[in-house]
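A quick write-up on the structure given underneath.
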Amino acid sequence: MTNNKVKIKTEKLDVFYGQKQALKNVNLEIFNREVTALIGPSGCGKSTYIRCINRMNDVIETCKISGSIKIDGQEINNKQIDVVRLRERIGMVFQKPNPFPKSIYDNVAYGPQIHGLADHKDKLDQIVQTSLKKSALWEEVKDRLDEPGTSLSGGQQQRLCIARAISVNPEVILMDEPCSALDPIATAKIEELMEELKKTFTIVIVTHSMAQAVRVSQRTGFFHLGNLIEVDTTDKMFKNPNNKMTQDYITGRFG
Amino acid sequence: MSEEKRIVKSYEEEMQSLNDDLVKMGSLTESQLSDTIQAIVKIDKEAAENIIKNDVQINELRAKIDDQISTVLVKRAPMAIDLRTTISSLKISHDLERIGDLAKSVAKKIEPLPIDLPQELTGSLKRLGELVQKQLNNVLDAYISKSKDKAIEVWRNDEQVDDLTHIAMNEVANFLGKNKKNLELATHLLFVTKNIERAGDHVTNIAESLYYLIEGEYLEGARPKGKEFVKDK
Ligand SMILES: Nc1ncnc2c1ncn2[C@@H]1O[C@H](COP(=O)(O)OP(=O)(O)OP(=O)(O)O)[C@@H](O)[C@H]1O
Ligand SMILES: [Mg+2]
């Protein structure tokens, strides 16, 4: 691994939805400028975990979270933290592309505007352009920035959402099955993009595709029934995992 | 090893069939090698011809296994134990094929040999041949039972193969030293000895592949080395 600094350190994380425990004593380190893949059967808690990192679970009333999540050593799982500022640092891309019902331009410009990152139009134009370039969408949309985001294809919409996420210059990008609605070409573009993005950002991706986890990530964590069963380098996890449950899952013996 | 079966039945069947063919190829190679050892000791020219003819069966199985492995790789993108099984099978089948080829080359040398090979020359050769044959048998057993310990044992015993090769070669060298007219026969026998030793090396490779399959790690340390052959003055 090139950069072994821990970016996100999770300790003794328990998450409940009402009576139901969705995460059980999760301890996980996510390294700076790496792609970490989270895998595991449906309902094992992958989305729950990444939603804890940007405090998306706050909006769910029944959700109770205890334990510690530190980003660069700073605890984010407490009441003092400014959640708006936190979400500026931690972008998120969802399974289903969800552009705002606005123009392509405004989709990307919205974040920098509300976070006050651009004080004049030129600056904003520049942010929009670089974000779209970084998300490998610029060439395809530069002549139609005024058209609605929803007029793009699914794969383009997903790259628009990535542009939107990176426009505020986050430190971490969380991706929850970002390619599950995309064809192989669009998927390849996003994967290629991740390769580029990880030079600047720390990426956590939830995926149901083992092959994708192998292709894009340097580290992989396997969840099962709310437990983090094993985490190791992706190479080790897919060639020779330590845990039999991991092996059975990735070789298609249960799921 | 995982005892659970895969959810996808056809994947399970593909891996099973790959395993069955590899075992079949192993036993075919084993009998080719043991026939060759018998034939050389007895100078059985008829048996030698059969060995030469039968080699094609091993090659065909190799081709079939190659094809199955390609299919599994593209279709299943095997992971973990399945990945290791697939790539180890590819290597093992390659080594088996080479052992088959070596048996065939040895068999080809039987034809020009005189019927009455001096007893002093066949003793060590026979012992060497039987040892390599036993090694092959053991490594195939280890494969079937997925026994790491048996794989290590085979790997270690290659040292004995090297030692016996050394002894057999010295005997041939002494025989040549007695009378330069023995040159042609000695050359044949050196070739045969060397080929049997090389078959032994492929057995060791199989033990290494098997160890990797089971453990996901490579056998550590250099392969055991016997004494180098030094021609007696
Ligand atoms: N808002 C919620 N209210 C109640 N229970 C929830 C809620 N969200 C998730 N859960 C439960 O928590 C557990 C973990 O869900 P989560 O969405 O984290 O799983 P996942 O690993 O992301 O699954 P998938 O692969 O299907 O997306 C599940 O049992 C789920 O039913
Ligand atoms: Mg999910």
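By convention in this document, chain letters (A, B, ...) are assigned in the order of the sequence lines, proteins followed by strands, and residues within each chain are numbered from 1.
Salt-bridge formation is not detected for the pair B:E217/A:K239: no Lys NZ or Arg NE/NH1/NH2 atom is positioned less than 4.0 Å from an Asp or Glu carboxylate oxygen.
In the displayed structure, B:K108 atom NZ is contacted under 6.0 Å by at most 12 heavy atoms of other residues, nucleotides or ligands. Counted within 6.0 Å of CD on A:E192, heavy atoms from surrounding residues, nucleotides or ligands total 12 or fewer; the atom is thus considered open.
Once rounded to the nearest 0.5 Å, the distance linking CD of B:E4 with OG1 of A:T251 reads 9.0 Å. Between the CG atom of A:D248 and the CZ atom of B:R6 there is a distance of 10.0 Å, given to the nearest 0.5 Å.
Side chain of A:N240 to main chain of B:A80: no donor-acceptor pair is present (N/O by atom type, distance under 3.5 Å, no hydrogens or angles). Using a distance-only test at 3.5 Å, with no hydrogens or angles considered, no donor-acceptor pair links the side chain of A:R253 to the main chain of B:I7.
Inspection of non-hydrogen atoms places no residue of residues 130-140 of chain B under 4.5 Å from chain A.
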